[in-house]
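Residue numbers start from 1 in every chain, and the chains themselves are labelled A, B, ... in the order their sequence lines are given, proteins ahead of strands.
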Number of protein chains: 2
Amino acid sequence: MRLFHEQGYGATGVAQILKEAEAKSGSLYYYFPAKEDLLLAVLEQYKKIMKPALMAPVFERYEDPLDQVFGLLEKYRDMLIKTNCTLGCPIGNIALELADRHEEVRRLCGENFDNWKSAVGQCLEEAGDHLRPDVKVGELASFFLTVMEGGIMQARAYRSIEPFDAAIASLKDYVNHLLKNNARPVQQSSARD
Amino acid sequence: MRLFHEQGYGATGVAQILKEAEAKSGSLYYYFPAKEDLLLAVLEQYKKIMKPALMAPVFERYEDPLDQVFGLLEKYRDMLIKTNCTLGCPIGNIALELADRHEEVRRLCGENFDNWKSAVGQCLEEAGDHLRPDVKVGELASFFLTVMEGGIMQARAYRSIEPFDAAIASLKDYVNHLLKNNARPVQQSSARD
DNA sequence: GACTTAGTTGAACGATCAATAAAATACCTC
DNA sequence: GAGGTATTTTATTGATCGTTCAACTAAGTC
């Protein structure tokens, strides 16, 4: 998982995986028919850990559903900061590298995205009474993913957190326009307290 | 350019380039010290042709600056449709594949993005009198790029134009919130006539 | 103690990778 | 047309790619 995330699938050789895992090639191919099956297992693992490892900690920390959503985005921001804006979304990377070549990979990336959007959509649903009635939460959740992935791409291309922060700021501004007039607006550059 | 766009840099072998270009390896290495320099030349070429080949035709077709911007996004939509949602933004692809490894590549991707955002920002500047005074056109132009790249990523991952269209729809909705009350709103799903 | 099963090992495979060097040809100048 | 430079061709390099396989060890069963 780590190597595919850091270097991509194609750029990671089986030899390096074996070395860092302290395993021998025969053992790998005893369990996995081919390198590609290793990637499929990685994508399955992401599906499995997304909620308990990524979302649960954020959702516990915040009560307000909108805080939860933006807290989730903050997690990705943390990763960008920690890696000096070199590491992106592991699913997005794989999707862009292989989605058009391997159908199975594409399917699993889609399922990961689906789960992500479903979790965000659930938060938005909970915040529904603060949102204008014409807001479609499904489309808005998809927009959250779009903005986050696009923001990560720019942050990596510029090796700077600025474009990512700018994207989130615009997104917050948009969300505030979708809130009912009596709702408390989303605060810029920090979670609402 | 075509092969790097279709397959990515790493996945495209020199042998294939030579075959399709009907050239021999010696000739390639006579002009380019290494494969990487070929990529740099490709990125330079994108810089050179972006305005005349991509933007000029769109800007000629529409008069209204906001129509021009969304007409530009439509160009990317056309490419997704033509390629059955397999081909993304050539710069974005390369940026995600190599930005964190080759500094020079990263710089050129950034310059391509800069030019793109600068052109969009210029349109927004021209539409400035219809926008609320607190709108920062630079940040908004960056947001346009963010949404487009994120939309393309999802369209490829799902091999469907839907997420892209949904992203553009949300973006249009947002822009309409930024317009002054007396301004004509951006129409959904087709250029304003 | 004989036999089976599960799992591991590491050398080796053919293919492909980017890159090179030298020979051969085309082009230009005088 | 001779001489020299620019460019192309051909053949090959060593490295690395993912993958295979026969030999081997360890554990369990009867």
For this session: Apply side-chain hydrogen bond (donor to acceptor under 3.5 Å, both in side chains) to Gln154(B) and list each qualifying residue two or more places apart in sequence or on a separate chain.
Result: Lys117(A), Thr146(A)

Just distance, no hydrogens or angles: give the donor-acceptor pairs under 3.5 Å from side chains in residues 52-61 of chain A, sequence neighbours left out.
none

For this session: Grab the CD-C1' distance between Gln16(A) and dG18(D) for me, whole Å please.
Result: 14 Å

Seminar exercise, completed: Residues passing the side-chain hydrogen bond (donor to acceptor under 3.5 Å, both in side chains) test with Gln68(B), sequence neighbours excluded, are none

Restricting to nitrogen or oxygen on both sides, can you table the protein-nucleotides 18-22 of chain C pairs closer than 3.5 Å?
{"unit_1": "dA18(C)", "atom_1": "OP1", "unit_2": "Thr12(B)", "atom_2": "O", "d": "3.4"}
{"unit_1": "dA18(C)", "atom_1": "OP1", "unit_2": "Val14(B)", "atom_2": "N", "d": "3.4"}
{"unit_1": "dA18(C)", "atom_1": "OP1", "unit_2": "Lys35(B)", "atom_2": "NZ", "d": "2.9"}
{"unit_1": "dA18(C)", "atom_1": "OP2", "unit_2": "Val14(B)", "atom_2": "N", "d": "2.7"}
{"unit_1": "dA19(C)", "atom_1": "OP2", "unit_2": "Tyr29(B)", "atom_2": "OH", "d": "2.8"}
{"unit_1": "dA19(C)", "atom_1": "OP2", "unit_2": "Lys35(B)", "atom_2": "N", "d": "2.8"}
{"unit_1": "dT20(C)", "atom_1": "O4", "unit_2": "Ser25(B)", "atom_2": "OG", "d": "2.6"}

Determine all donor-acceptor pairs shorter than 3.5 Å in which one atom belongs to a side chain in residues 32-43 of chain B; sequence neighbours excluded.
{"unit_1": "Lys35(B)", "atom_1": "NZ", "unit_2": "Tyr9(B)", "atom_2": "O", "d": "3.1"}
{"unit_1": "Lys35(B)", "atom_1": "NZ", "unit_2": "Thr12(B)", "atom_2": "O", "d": "3.0"}
{"unit_1": "Glu36(B)", "atom_1": "OE1", "unit_2": "His102(B)", "atom_2": "NE2", "d": "3.4"}
{"unit_1": "Asp37(B)", "atom_1": "OD2", "unit_2": "Ala34(B)", "atom_2": "N", "d": "3.1"}

Problem set entry | Ile17(B) CD1 to dC17(C) C1', straight-line distance once rounded to whole Å | 12 Å

Run the side-chain donor-acceptor check on residues 20-28 of chain A: report pairs under 3.5 Å with partners two or more places apart or on a different chain.
{"unit_1": "Glu20(A)", "atom_1": "OE1", "unit_2": "Arg2(A)", "atom_2": "NH2", "d": "2.3"}

Seminar exercise, completed: Here the distance between atom P of dT8(D) and atom CD of Glu22(B), to the nearest Å, is 14 Å

Problem set entry | Residues forming a side-chain contact (heavy atoms from CB on, under 4.5 Å) with His5(B), sequence neighbours excluded | Tyr46(B), Met79(B), Leu87(B), Pro90(B), Asn93(B)

Exercise. Restricting to pairs with a member in residues 100-115 of chain A, which pass salt bridge (Lys or Arg N to Asp or Glu O under 4.0 Å), not counting sequence neighbours?
Worked result: Lys47(A)-Glu111(A), Asp100(A)-Arg156(B), Glu103(A)-Arg106(A), Glu103(A)-Arg159(B), Glu104(A)-Arg107(A), Arg107(A)-Glu111(A)

For this session: Figure out the CG/P separation between Leu18(B) and dA11(D), and round it to whole Å.
Result: 15 Å

For this session: Scan for ring pair (Phe, Tyr, Trp, His ring centres under 6.0 Å) pairs involving residues 138-178 of chain B, sequence neighbours excluded, and state none if there are none.
Result: Tyr174(A)-Tyr174(B), His177(A)-His177(B), Phe70(B)-Phe144(B), Phe143(B)-Tyr174(B)

For this session: Considering non-hydrogen atoms only, spot the tightest contact between Cys123(A) and Pro65(A) and give its length.
Result: O-CB, 3.2 Å

Which protein N or O atoms sit under 3.5 Å from an N or O of nucleotides 22-25 of chain D?
none

Problem set entry | Those residues that, when tested against Ala166(A), pass side-chain contact (heavy atoms from CB on, under 4.5 Å) (two or more places apart) | none

Exercise. Just how far, in rounded Å, is P of dG7(C) from CG of Leu28(A)?
Worked result: 15 Å

Exercise. Looking at residues 96-105 of chain A, who's got a heavy atom less than 4.0 Å off DNA chain D?
Worked result: none

Exercise. Is any side-chain N of the basic residue among Asp165(B) and Arg77(B) closer than 4.0 Å to the acidic one's carboxylate O?
Worked result: yes

Exercise. 5'-most contact on DNA chain C: Tyr30(A) or Lys24(A), nearest heavy atom basis?
Worked result: Tyr30(A)

